[in-house]
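Protein chains get the first letters and strands the later ones, always in sequence-line order, with residue 1 at the start of each.
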Protein chains: 2
Amino acid sequence: MMPPRTNATASPTVRDVAALAGVSPMTVSRTMSGGQNVRPEVQERVRKAADRLGYRPNQSARNTRLRRPTGLIGVAVTNLGNPYYGQFALGIEDVAAAHQRHILIGNTREDPHREAQLLDDFAGRQVEGLIVVPAGNGVATLPSSVPFVLATREVEGVHGDTVLVDDVGGASAGTASLIAHGHTRVAFLGDVSGIPTARRRFEGFTQALASQGLQFDASLLMPVRDAEAAFDEVARLLGQHNPPTAFFSTNNRTTVGALRAICDHRRRYPKGAVPAVAGFDDVELADLLGIPLTVMSHDPRALGAQAARMLFERLSGEAPGEPRSASMPVTVRRF
Amino acid sequence: MMPPRTNATASPTVRDVAALAGVSPMTVSRTMSGGQNVRPEVQERVRKAADRLGYRPNQSARNTRLRRPTGLIGVAVTNLGNPYYGQFALGIEDVAAAHQRHILIGNTREDPHREAQLLDDFAGRQVEGLIVVPAGNGVATLPSSVPFVLATREVEGVHGDTVLVDDVGGASAGTASLIAHGHTRVAFLGDVSGIPTARRRFEGFTQALASQGLQFDASLLMPVRDAEAAFDEVARLLGQHNPPTAFFSTNNRTTVGALRAICDHRRRYPKGAVPAVAGFDDVELADLLGIPLTVMSHDPRALGAQAARMLFERLSGEAPGEPRSASMPVTVRRF
DNA sequence: CTGTTAGCGCTTTCAG
DNA sequence: CTGAAAGCGCTAACAG
């Protein structure tokens, strides 16, 4: 008969500790989970043995046996490198930590295929819930049977808890601010056909124009997604004969590109004729550039926190029934 | 005798699927993991049943049985909201995804106590490895028995794989650039006593001064950690009689504060006498402010990727033995 | 107070 | 090709 394996390489188990302490596995288990009904001196022995072996209870096994959830929340974002999503994740983490949960984070890179993989994998890992920023054109296939909250973007045909941003209202208000400052020829930077958020912002943009009897020149619609593309397009437009006097930018990446291009071209303009920018999302330091700037911003951290709160309410059964939807307010500031 | 429970609320198991498909659990198991040795028609039936129930194999249970690792990498950063760590996490995610691993991320908020909790918890969840940006003064207690890589900061007394930044060399080069441009009275913004990184950068800073025969005025050492504090201190210094002509800033937060304060005070200066800043880490748009700026930067994404690569090499046994240490190069650019 | 038995969901034998 | 038995690490329930 083989003696109990001492388990040199693999991590030690209850049995290893039990053997070393000269007790049964149950006594180890009890000791590790509070020590109810274990003589202090025995606990002492067990703990010492556990320490010596570097024993650490296997949570997966424990959760399996207790039919308990994993304490994990899956989060999928489209671009982890964007500071926006850093703040977003922070908001989720705040709330999750308060609920003793951890977050499993994944980057979809706007790739619906990768998103599907990721969510499927998360579901297989028994995450308790998902917070998803839908990738691409919002055709996400969400694993049924796992509660989820959609953030930032909706998904066609998916009926579930959602936290959006007041894109239409914010864009409209920001555009109105441009118009009030005399701009009538405004270019639009954003991938309207590819990204739902951009589409809604475009809607608010054109609404504001229309309400002032202005018409949008379709040749000023620039389907750009990142700073580099925005830079190129803005530089190109500024080099033309009848350039726009202002730019509406759908997110902080395109805003950065636009600001850079305008700075590059700045010396060409007489004082006071620097093109204006109205951009969604905050961009650090942008207010100090001396470029007329309208910022339509919301707090991504608050958005993340809100999404997390909705998820936990759903999980705890506080909010059963119909999916709910929240909208984060957008504030317009002018610099 | 009770019929097998249909499991209405809890997630379905192999048994549920087996019952519905009229086969044994084993046939379901085999079907779900490739379908070796299962008649195609039976597979078909099983898959249909699985779909109908929304069955998803429980990975924890599977891993437990297979004595396989979890596929999880734990990452602990000090401030998830900082764009720097967003890029850092992205670099890790890139590499982790390529290795089919997911990342469990936690925010320590520079709190060693929370860090200890977090790492302990991660270890209990059987993460395969840890990537840690040590909190606070670097007294991290790392769970033994889980391979780890320290990033950005060292921990006293901890002997393990580490990825650092060439803080001393970078700070020295950046400072030299300030000196070359005629600055001799330079304030230092950074919590030298609290944050090891700041300490090393201070070392490079004073080295460069000393090598030019300059001495640091200790009254210009500002132990600030965030943008607000940096703003206040810089504003205060600039209001004094004999203000420094330049500021050395230890990170992007303090750089932002310094730049804001200088912009506020800018009109007070005759042209060409705007205080200069030498700051560690990139700050988007900072180069466009018209403030003489020296940036000592490295790529946090590359740093994250490097840390992840070192971890996977360690995990795969490619790099056994002595802990290794990598240093990310710092480039100095002047705007 | 402590140990034994059984079983969480899964899969590796090993029989048929 | 399919199923029954056993066991991964852990703990509830029940004995003692």
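- One finds no side-chain N or O of A:Arg15 lying less than 4.0 angstrom from the OP1 or OP2 phosphate oxygen of D:dC10.
- The bend of the helix from C:dC1-D:dG16 to C:dG16-D:dC1, defined by the angle between the axes of its first five and last five pairs, stands at 50° to the nearest 10°.
- Among residues two or more places apart in sequence or in another chain, the side-chain contact (heavy atoms from CB on, under 4.5 Å) test is passed with A:Pro323 by A:His159, A:Asp161.
- Scored by the ring pair (Phe, Tyr, Trp, His ring centres under 6.0 Å) test, B:Phe148 finds no partners at all (sequence neighbours excluded).
- With sequence neighbours excluded, no residue forms a side-chain hydrogen bond (donor to acceptor under 3.5 Å, both in side chains) with B:Arg65.
- The nucleotide whose nearest atom lies closest to any side-chain atom of A:Ala61 is, among D:dC10, D:dT11, C:dC1, D:dC10.
- Contact annotation: A:Arg67 side-chain N/O to C:dG9 OP1/OP2 distance is under 4.0 Å.
- Partners of A:Tyr85 by ring pair (Phe, Tyr, Trp, His ring centres under 6.0 Å), not counting sequence neighbours: none found.
- In this view, B:His99 and B:Phe312 satisfy the ring pair (Phe, Tyr, Trp, His ring centres under 6.0 Å) rule, not counting sequence neighbours.
- A:Arg114 is linked by a salt bridge (charged side-chain N to carboxylate O under 4.0 Å, His left out) to B:Glu93, counting only residues two or more places apart in sequence or in another chain.
- For B:Tyr55, the ring pair (Phe, Tyr, Trp, His ring centres under 6.0 Å) test picks out no residue, with sequence neighbours left out.
- Interface residues of residues 23-35 of chain B facing DNA chain C, ordered by number: B:Met26, B:Ser29; criterion, heavy-atom separation under 4.0 Å.
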